[in-house]
Each structure stands twice: as C-alpha cells, then as structure tokens.
Number of protein chains: 2
Amino acid sequence: MQREQDVLTAASMYYLQDMTMEAIAKHLHTSRSTVSRLVKRARETGVVEITLRPPQGRAPGLGQQITARYGIDAWVVPVPDVTSQIDRLDQVSMTAARLLSTWFDSEMVLGVAWGTTLAAVAQHLTRKPTRGSAVVQLNGAANTRTSGVHYAGDLIAAFADAYGAHAHYFPVPAFFDYAETRSAMWRERSISRVLDVQRRADVALFSVGAISGGLPSHVYSAGYLEPGDIETLDAEGVVGDVCTVFLRADGTYSDIALNDRATGPTPAELRRIPQRVCVVAGDNKVAPLHAALRAGVVTHLVIDEVTARALVER
Amino acid sequence: MQREQDVLTAASMYYLQDMTMEAIAKHLHTSRSTVSRLVKRARETGVVEITLRPPQGRAPGLGQQITARYGIDAWVVPVPDVTSQIDRLDQVSMTAARLLSTWFDSEMVLGVAWGTTLAAVAQHLTRKPTRGSAVVQLNGAANTRTSGVHYAGDLIAAFADAYGAHAHYFPVPAFFDYAETRSAMWRERSISRVLDVQRRADVALFSVGAISGGLPSHVYSAGYLEPGDIETLDAEGVVGDVCTVFLRADGTYSDIALNDRATGPTPAELRRIPQRVCVVAGDNKVAPLHAALRAGVVTHLVIDEVTARALVER
DNA sequence: CCCATCCTTGCACGTTTGTTCATCCAGGTT
DNA sequence: AACCTGGATGAACAAACGTGCAAGGATGGG
C-alpha cells in the first residue's frame with residue numbers, strides 16, 4: 001500500500017522537518033486536504049506518538065501535593081471549575097487514554113476493569129502497535145442486563161484492538177450468587193488460565209466505584225446486586241469498590257459478606273501488579289478513592305482538578 | 001515559578017485533551033498568544049516529546065531497500081529533487097536532531113564527532129532533560145584556524161546543553177604532526193580519561209567526510225592538512241573519512257600514513273559503541289558513505305532522499 | 001530615586017490547518 | 001450493462017494558530 005508510505009512521509013515532513021502541509025502536498029503531488037488527512041491518520045494509527053514528561057518533581061501544584069501525601073504518581077487534569085461531571089469524565093478519560101499509550105508497550109500485559117469510567121477511556125484510546133502484548137479482563141461482568149459499548153467484552157476488545165494485543169475475556173458474572181460457585185469455577189482450567197494472565201499483568205487500569213451520588217456506578221445500577229445487598233453494604237460501612245471488591249473508608253475489606261462472592265482481584269492481589277493506574281472523575285468518588293489509596297492499590301492516579309482539590313482538602 | 005506549571009498545564013490541555021488554545025487561554029486567564037507561546041515552550045524545553053515510529057519493516061521504500069541491503073536502520077528524509085545541497089543538509093540535520101532526542105536518554109553517553117554536518121545538527125537540537133548523561137567529543141579539533149559555532153567545543157557544548165549532560169572535551173588537534181606525539185599524549189591521564197569516556201559511549205553521532213566536491217569538508221578545508229598530505233591520500237585510494245580516520249572505497253584503512261596521526265576512533269574502535277548514527281546529506285558523500293558502510297561503522301543512517309537514491313543505484 | 005534594559009503581554013494581522021460538501025472512482029451486485 | 005456503495009479527493013470556507021509590534025512591568029545599576 002502506497003498509503004502507509006505516504007502517511008509516514010507526511011508525518012516525517014510535518015513533525016520532524018517542520019514543513020507546512022502545503023509544501024508537503026506539493027512534494028507528494030496531492031492537495032493540502034489530503035496531507036491534513038495523512039497527518040491525522042499518522043496520529044490515529046500511532047505512527048506519531050506525543051508524550052508529555054512533567055518536569056522532574058518540582059512545582060507545588062496539586063499533583064505534587066498528592067504525590068507528597070500519598071507517595072504515588074498523580075496526574076491532575078486541568079478542567080474549569082464549572083465543568084459538568086460528564087465533561088470532566090471526558091477530559092480525564094481522554095488524558096488517561098493518552099498517558100496509557102505512553103506507558104504500555106510490547107511484551108506487556110494490561111489488566112482492565114470495567115465500568116462507566118473505563119468505557120469512557122476506551123472511547124479515547126489512541127492506536128499504538130505493539131507485539132507480544134495482551135489485555136486481560138480483571139473482573140467478571142457477564143450479565144444479560146448490560147450490552148453495547150458498555151459491555152465489558154467490547155471494552156476489552158477496544159483496548160486489545162488499539163494496541164494490537166491479545167484479548168483475554170473473563171466470562172463470569174460480576175458477583176456470584178453463591179461463594180461455593182466461585183470456588184468451583186476458580187478450579188476450572190478455562191478460568192484459572194485467565195487468573196494466571198491477570199497475575200502476570202504489568203499494568204492494571206481501573207477506577208473506583210462510589211456507592212452514591214453523581215453518575216451511577218455500573219456495579220450498583222446494572223442489576224448485579226439486590227436491594228438487600230446494598231443495605232447490607234451500608235451497614236458494613238462500605239464507601240465504594242475497586243474491581244468489584246468493596247472497601248470501607250479506612251481501606252479495609254475483610255469480613256464484608258459480598259466480597260466472598262466478588263470476582264475481581266482483592267487489593268492484596270492487585271498490589272502484586274507493578275503499575276496500578278486509577279482513573280477518577282467526579283466529586284462523589286472522593287470517599288472511595290481515599291479508601292483505595294489507604295488500601296495501597298494505586299500507584300498512578302489520573303484525576304480531574306476539581307476532584308483532586310476535594311481530595312487534598314479532605 | 002508559576003511559569004513551569006503553566007507550560008505543563010497548557011501542554012496537557014493541548015496535546016492530551018485536544019483543547020483549543022482559546023479554551024486553554026480562558027482557563028489560565030490569559031490570551032491565546034500566550035498559550036501559543038506556552039505550548040511552543042513546552043516543545044522547545046522537552047516537556048512535550050514527539051516521536052515517529054516507522055510501521056514495522058514493511059513498505060518497500062528506499063529506507064527498506066537500504067535496510068535490506070546493508071542490514072542497518074535507515075531513515076530516508078524526503079526532500080524535493082530540486083533542493084539545494086544546503087537545504088538538504090538543513091532538512092536532514094533537523095530530522096537527525098529530532099530522532100536523536102528520541103534515542104538518547106538518562107544515564108547514557110553520547111559520542112559526537114564534528115564538522116559541517118554535525119554543526120548543522122547542533123543547530124536543530126531539541127531540548128530533552130536527562131540525568132546522569134554525558135556528551136564526549138570523539139576526535140580532536142583544537143586549532144587556531146577555526147572558531148564560532150563550527151568550533152568543536154561549542155558543538156559539544158550545544159549537545160550537552162540540550163540534554164543537560166556533562167561535556168567531555170578532547171583538547172587535541174585533529175591530526176598530530178608526529179605520530180609519537182600522539183602516543184605520548186594518549187598516555188597522559190587527562191587525555192586517557194576522555195578516551196575512557198569515549199569507550200563507554202552508548203551512541204555515536206558522526207557523518208562522513210568526502211575528499212572532493214559539494215560543500216567542503218572541514219577536515220580538508222580547515223587547514224589541518226598540508227597540500228602534500230592530500231596528494232598522498234589520493235595516491236592511497238582514499239575516498240573519505242569517518243571521525244578523521246581515512247577510508248578506501250572498500251572500507252579498509254590500514255597502511256594509510258595519515259591515520260597514524262589521526263585522533264578519532266578507528267572503525268574497529270568505533271564498532272564497540274552499540275548505536276552508531278551516521279548523518280549524511282549531499283551527493284558527493286555517496287562514495288565515502290559506501291566505504292563507511294563496508295567498514296561496518298554505521299548502525300543507524302539518516303540520509304536525504306536524493307543521496308539515498310544515489311546510494312542504492314550505485 | 002531614576003533610568004536603561006530586558007522580558008513578558010495582548011492585539012492584530014496573515015498564514016496555516018481542519019472539515020464540509022460535491023464529485024469521482026473502484027469493486028461488487030443485480 | 002446499469003446500478004449501487006463505500007471510500008478517496010480537491011475546492012472552498014471557517015476555525016485555529018504563529019508572530020511582529022508596541023505597550024507595560026520587572027530588574028538592577030547608577
């Protein structure tokens with residue numbers, strides 16, 4: 001295909017030689033418009049990669065405050081204070097998608113949770129061709145009540161597609177109805193193979209679920225839980241979840257009944273993954289995020305400015 | 001400095017969130033112009049890094065032909081056929097500078113030769129902050145007849161400055177008048193320290209010198225050699241040089257009298273550096289480039305399209 | 001305290017870029 | 001063969017961008 005070659009040529013002349021698109025068009029014997037499209041395609045297909053490197057450690061911005069307090073890498077996404085929750089989610093997820101593509105590379109395994117936030121990230125993924133990499137679903141979601149782009153399978157497929165990675169699905173419900181079923185399934189070879197891949201993950205990508213307020217968290221609204229379950233959670237002091245594992249405000253999670261039936265990795269298991277990226281947008285997520293930080297499951301945080309401020313002022 | 005923070009914010013909003021400069025200006029309470037300048041500054045200071053990755057191995061372009069024939073990584077810089085030698089040098093050196101900043105990083109040592117081509121590259125360097133890195137001059141050039149930006153010392157300083165690297169100068173002439181002086185100097189601790197750094201280099205950057213035609217090569221025009229020397233070189237079948245070591249068309253270089261007095265690393269020594277980047281622009285360099293390729297001193301070639309075509313058609 | 005100098009800012013302008021739309025072409029279908 | 005369909009193309013327009021310029025503000029030396 002001559003097209004691929006032209007994409008590379010146009011990108012090289014535009015980004016490496018600072019030529020104007022008009023000049024490039026003349027060289028390629030085509031129109032400016034086409035060159036504009038070639039360059040766009042170069043960005044979209046990952047021929048061009050744009051990386052941001054925060055100047056080392058200084059600057060007492062919000063990000064540094066969070067870094068200092070929690071010992072994690074924080075990326076604060078600037079958004080106007082007035083931005084709606086939806087717009088904030090959009091900005092944060094786009095930023096997270098771009099950052100992720102600078103972190104993920106060949107021969108790596110990416111573990112992905114699912115939910116509203118992750119679906120938003122998936123929409124903004126930039127392509128980056130890699131080899132020998134894989135994407136693995138971190139927690140179950142097979143359920144008849146969800147479908148479309150929010151369906152976990154499509155979400156995993158979107159990540160795998162963007163990176164040319166192998167996809168590993170996790171065909172179990174978000175929560176089992178009986179803990180014994182989980183133990184039984186975990187022994188099945190088809191399932192334990194996926195669990196093995198999860199354990200080999202180099203990067204985990206997830207958000208936190210809030211029990212209440214703001215945009216509804218899929219875990220609570222998608223019909224996985226019965227009304228009785230939610231009351232029980234409240235009574236146990238649960239403030240939110242990470243990968244379908246519920247946490248109390250202090251980051252603990254043992255002796256919460258539902259967790260025995262959950263399918264996602266516990267914080268202890270999650271912590272074995274070296275890089276753990278948490279994407280957060282929305283005020284109502286401050287409490288569960290704080291719990292997640294206490295549980296030590298986050299190494300890299302991508303968060304909108306407003307929520308970040310709420311976090312440090314807490 | 002609030003400025004650094006703003007540069008990062010603007011870059012993030014512009015490159016990661018695809019916001020328009022006008023919107024960013026509103027958020028930062030400043031004008032579009034300032035945002036434009038902030039973004040520019042982000043590029044110039046290395047906060048933003050733009051990388052091109054050629055789609056793996058396919059596409060039968062000129063680059064692939066060279067790669068296939070010589071087993072090296074070739075980057076062909078597209079230039080109109082009509083471009084003057086000077087413009088070609090400009091395009092190639094800009095491309096080389098940008099590529100180099102994607103290859104070089106913290107804790108690395110960069111060996112740099114000098115000459116017209118390298119001076120051109122130095123002019124286009126993009127900043128990239130690194131730590132623990134060093135730039136070392138590969139061959140001598142101390143000489144009263146050169147000065148200004150072409151002076152080797154300034155050249156090394158420009159590279160070191162761009163990367164925040166430590167600079168190691170090599171205060172010897174390009175050629176000694178007596179081979180014994182060289183042996184004597186090589187034993188001096190101040191000199192052998194530099195030679196040690198050279199041997200630790202991870203990346204070497206150099207061009208090839210042509211004996212005749214086109215833009216004059218510094219080695220021949222700057223007064224390092226006597227008229228008699230040049231006649232002798234001709235008689236010995238020399239077609240050019242790499243780091244002041246002269247090569248015959250077949251890539252051999254032993255028994256060439258001048259080489260005993262030269263200060264640059266021989267091809268054998270050069271080959272110990274893992275990545276060896278050769279920057280070439282200008283038709284008259286085809287012959288010496290071919291010799292350099294035969295000598296196996298090149299692993300990465302940055303070359304303009306016209307010269308590349310001349311090379312493969314050779 | 002004043003002045004010279006350097007650096008920064010916003011405006012205005014011209015240039016460069018993204019995108020819509022009508023058109024065209026290739027490939028496959030009836 | 002005629003027809004449809006999806007994708008590519010260039011013209012034209014509107015949006016976005018870069019930069020020279022003059023004004024404003026800080027800095028440091030007298």
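Heavy-atom basis, side chains included; hydrogens, waters and symmetry copies ignored. Chain identifiers are assigned alphabetically (A, B, ...) following the order of the sequence lines, protein sequences preceding nucleic acid strands; residue numbering begins at 1 within each chain.
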Colleague: Can you tell me how far P of D:dT9 sits from NZ of A:K40, to the nearest Å?
Modeller: 14 Å

Colleague: Going by number, which of residues 13-31 of chain B have a non-hydrogen atom under 4.0 Å from DNA chain C?
Modeller: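 Listed by number, they are B:T30, B:S31.
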
Colleague: Looking at the base of D:dG10, is there any donor atom on it, or on the side chain of A:R37, that sits under 3.5 Å from an acceptor on the other one?
Modeller: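 Check passes, donor-acceptor contact within cut-off.
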
Colleague: Looking at A:E305 and A:R309, does any basic side-chain N land under 4.0 Å from a carboxylate oxygen?
Modeller: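 Here A:E305 pairs with A:R309 in a salt bridge, since their nearest N and O are under 4.0 Å apart.
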
Colleague: Could you tell me whether A:T34 contacts a base, only the sugar-phosphate backbone, or nothing, with contacts defined as non-hydrogen atoms closer than 4.0 Å?
Modeller: sugar-phosphate

Colleague: Starting at CZ of A:R32 and ending at C1' of C:dT16, how long is that distance when rounded to a whole Å?
Modeller: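 Rounding to the nearest Å, CZ of A:R32 and C1' of C:dT16 are 8 Å apart.
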
Colleague: Under the side-chain contact (heavy atoms from CB on, under 4.5 Å) criterion, do B:C278 and B:L289 qualify, and how do the steps go?
Modeller: CA-CA 9 Å; B:C278 184; B:L289 171 58; 4.3 Å; yes

Colleague: Name the nucleic acid region contacted by A:S36, choosing base, sugar-phosphate or nothing; use a 4.0 angstrom heavy-atom cut-off, strictly under.
Modeller: base

Colleague: If a pair satisfies ring pair (Phe, Tyr, Trp, His ring centres under 6.0 Å) and one of its residues is in residues 87-106 of chain A, list it, with sequence neighbours excluded.
Modeller: A:W103-A:H300, A:F104-A:Y163

Colleague: Can you figure out which of C:dG18, D:dT9, D:dT19 approaches the side chain of A:R43 most closely?
Modeller: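 In terms of side-chain proximity for A:R43, the closest of C:dG18, D:dT9, D:dT19 is C:dG18.
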
Colleague: Starting from P on D:dT9, measure out to CZ on A:R41 and report it in whole angstrom.
Modeller: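 In whole Å, D:dT9 P and A:R41 CZ are 9 Å from each other.
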
Colleague: Taking only Lys NZ, Arg NE, NH1 and NH2, and the carboxylate oxygens of Asp or Glu, determine whether B:D18 and A:R98 approach each other closer than 4.0 Å.
Modeller: yes

Colleague: What's the verdict on side chain to side chain donor-acceptor pair (under 3.5 Å) for B:S31 and B:T34, showing C-alpha distance, side-chain angles and the deciding distance?
Modeller: CA-CA 5 Å; B:S31 69; B:T34 301; 3.2 Å; yes

Colleague: Taking atom types as modelled, find out whether A:S133 and A:S106 have a side-chain donor-acceptor pair closer than 3.5 angstrom.
Modeller: no

